[in-house]
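Chain letters run A, B, ... following the sequence lines, proteins first and then strands; every chain starts at 1.
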Number of protein chains: 2
Amino acid sequence: MNRKTLVKRTRAKQRRLSADDRRSEFVTKATELFAEEGFGCGTRALARRLGVTQPLLYRYFPSKDDLIKEVYRKVYLEPLEIGWEKLLSDRSRPLRVRLQEFYEVYTDAIFNRKWLRIYLYSGLKGLDINRWYVGMVKDKILTRILRECRHEAGLATQSRPSAAELELAWVFHGGIFYYGVRKYIYEAPVLEDKAQMISDALDLFLAGFERMAESATDRRRAPIKIVG
Amino acid sequence: MNRKTLVKRTRAKQRRLSADDRRSEFVTKATELFAEEGFGCGTRALARRLGVTQPLLYRYFPSKDDLIKEVYRKVYLEPLEIGWEKLLSDRSRPLRVRLQEFYEVYTDAIFNRKWLRIYLYSGLKGLDINRWYVGMVKDKILTRILRECRHEAGLATQSRPSAAELELAWVFHGGIFYYGVRKYIYEAPVLEDKAQMISDALDLFLAGFERMAESATDRRRAPIKIVG
DNA sequence: ATCTCCGGTGATCGCTCGATAAACTGAGCG
DNA sequence: CGCTCAGTTTATCGAGCGATCACCGGAGAT
């Protein structure tokens, strides 16, 4: 299985790579190109970037769609292999610290041009994998965060968060996410200190949750008094 | 200029519309189709939806790109003709009420499949009109909101908000925006009561701004005590 | 040295795209 | 009625797309 990767380099172009190396190289470069140009980008441009001819792609992938699916799998799943559960649920550390560290790690993973662009493209296409990701964020991140917040506030740990709580967490999460979109998609000027942005957003969220928790008995939202 | 719009309807298909009517009909339908299928959608599909033949498009628009530009203009500018400045800056009404009403009106205008999809497509394409829009949000909405908040909190009204303040407002704004993306792009289940979502987000933001205003003298962020 | 296998290439097919040119049609007007 | 011309269609072009084919040639086995 582990073939020789030593290839004669005297020729103008490297040739005769092993099948596994070629395949993974294709996926990597395809990810970069599709992130940049969108999935409408042609197979010839992809081949040109790889330094090979276009029909060679079809020796490794039955169709362009199959290549795209592989790109999705790589982009979505690869950066998500970090132990998020432990990061969020380790109650030996203060919640504020856990949340701060989690969002710094999480945004380190997804705040780049490649990930965000492919994510948005797949969202606009309405692909299943996008809905799967949204559901994953809800179940593995937001629900977990809310459970920890409820525990910290001394509230009963219910299995599933209320719709209003969840929406609050989504607005918070979306606000942070939008920072990445502004920076890497819109290329708009943003506050450079990402950690401070996260910290400020956390202040907002935790203060809001605290307020919501205080008036937990009456179900209707009580508007806070305005500043000043 | 105002030509007869009465057209012989006895034929299978309506024909011979006036030039102005045709043109605006083209832009309207093109907007719908491009929002649905993306700008990669062909001119033949567009013509089919309009019930005319494809070359007819080129009598009204020099190229597909020109048609697309017109679509952008219509989509971006049309819903933005509401008097936002007055809504935000009318100090005879409480700030909380102004903000709530503004965001309800604003999201009524942009939270629909058509607007959001075209906005995201243009963002991914890196078009100038997208950066213009982001700058408009910053100058006409966020800066104005921050000015009103500073005034309400009795702080000095400076010409331009600080970077940290602006980022706070962006996170808040982005959180609300992401609600629309989740609902109309991802088609994920969301809290149906949009007004309550806005109200909750406003609670978060105003509480956060209040806290930031309290510690206005020392520049470094002071993390709040965690809940519970 | 020769054979064989397979990574890699050149040529090409069928299709769709945006765009153009030429032919057609019918309402308005003398 | 017959002329005119703007509005509309038919036919077609050249380019680029995804995909397929026959073929080439070097590395490893014999």
*Can A:Ser122 and A:Arg131 be counted as having a side-chain donor-acceptor contact under 3.5 angstrom?*
no
_Integer-rounded Å distance: D:dT9 P and B:Leu50 CG_ = 11 Å
*Find the distance A:Glu25:CD to C:dG7:C1' and express it as a whole number of Å.*
14 Å
*In whole angstrom, what separates A:Leu46's CG from C:dG8's P?*
14 Å
*Interatomic distance where NZ belongs to A:Lys64 and P belongs to D:dG16 [whole Å]*: 15 Å
*Whole-Å distance between C:dA19 C1' and B:Asp65 CG?*
12 Å
_Side-chain donor-acceptor pair present, B:Ser199, B:Arg96, cut-off under 3.5 Å_ = yes
*For A:Thr43 and D:dG18, is the shortest distance between a side-chain N/O and OP1 or OP2 below 4.0 Å?*
yes
_Side-chain N or O of B:Tyr60 closer than 4.0 Å to phosphate OP1/OP2 of D:dT8_ = yes
*For A:Leu57 and C:dG7, what is the distance between atoms CG and C1' respectively, to the nearest whole Å?*
13 Å
*Given atom OH of A:Tyr58 and atom C1' of C:dT12, what is their separation to the nearest angstrom?*
14 Å
*Under 3.5 Å, is there a donor-acceptor pair linking the side chains of A:Thr31 and A:Lys74?*
no
*Any A:Arg22 side-chain N or O less than 4.0 Å from OP1/OP2 of C:dG8*: yes
_Ring-ring centroid check A:Tyr119 A:Phe177, cutoff 6.0 Å_ = yes
*Side chain of B:Gln54: nearest nucleotide among C:dA11, C:dG8, C:dA19?*
C:dA19
*asked:* Quiz question: going by heavy-atom distance under 3.5 Å, is there a donor-acceptor pair between the base of D:dG18 and the side chain of A:Arg44?
replied: yes
*Assign each of A:Pro55 and A:Arg48 to its nearest nucleotide of DNA chain D by heavy atoms, then name whichever residue's nucleotide is nearer the 5' end.*
A:Arg48
*What's the CZ-C1' distance between A:Arg59 and C:dC6, to the nearest Å?*
7 Å
*If only atom types and distance count, is the side chain of A:Arg182 paired as donor or acceptor with the main-chain N or O of A:Glu187 below 3.5 Å?*
no
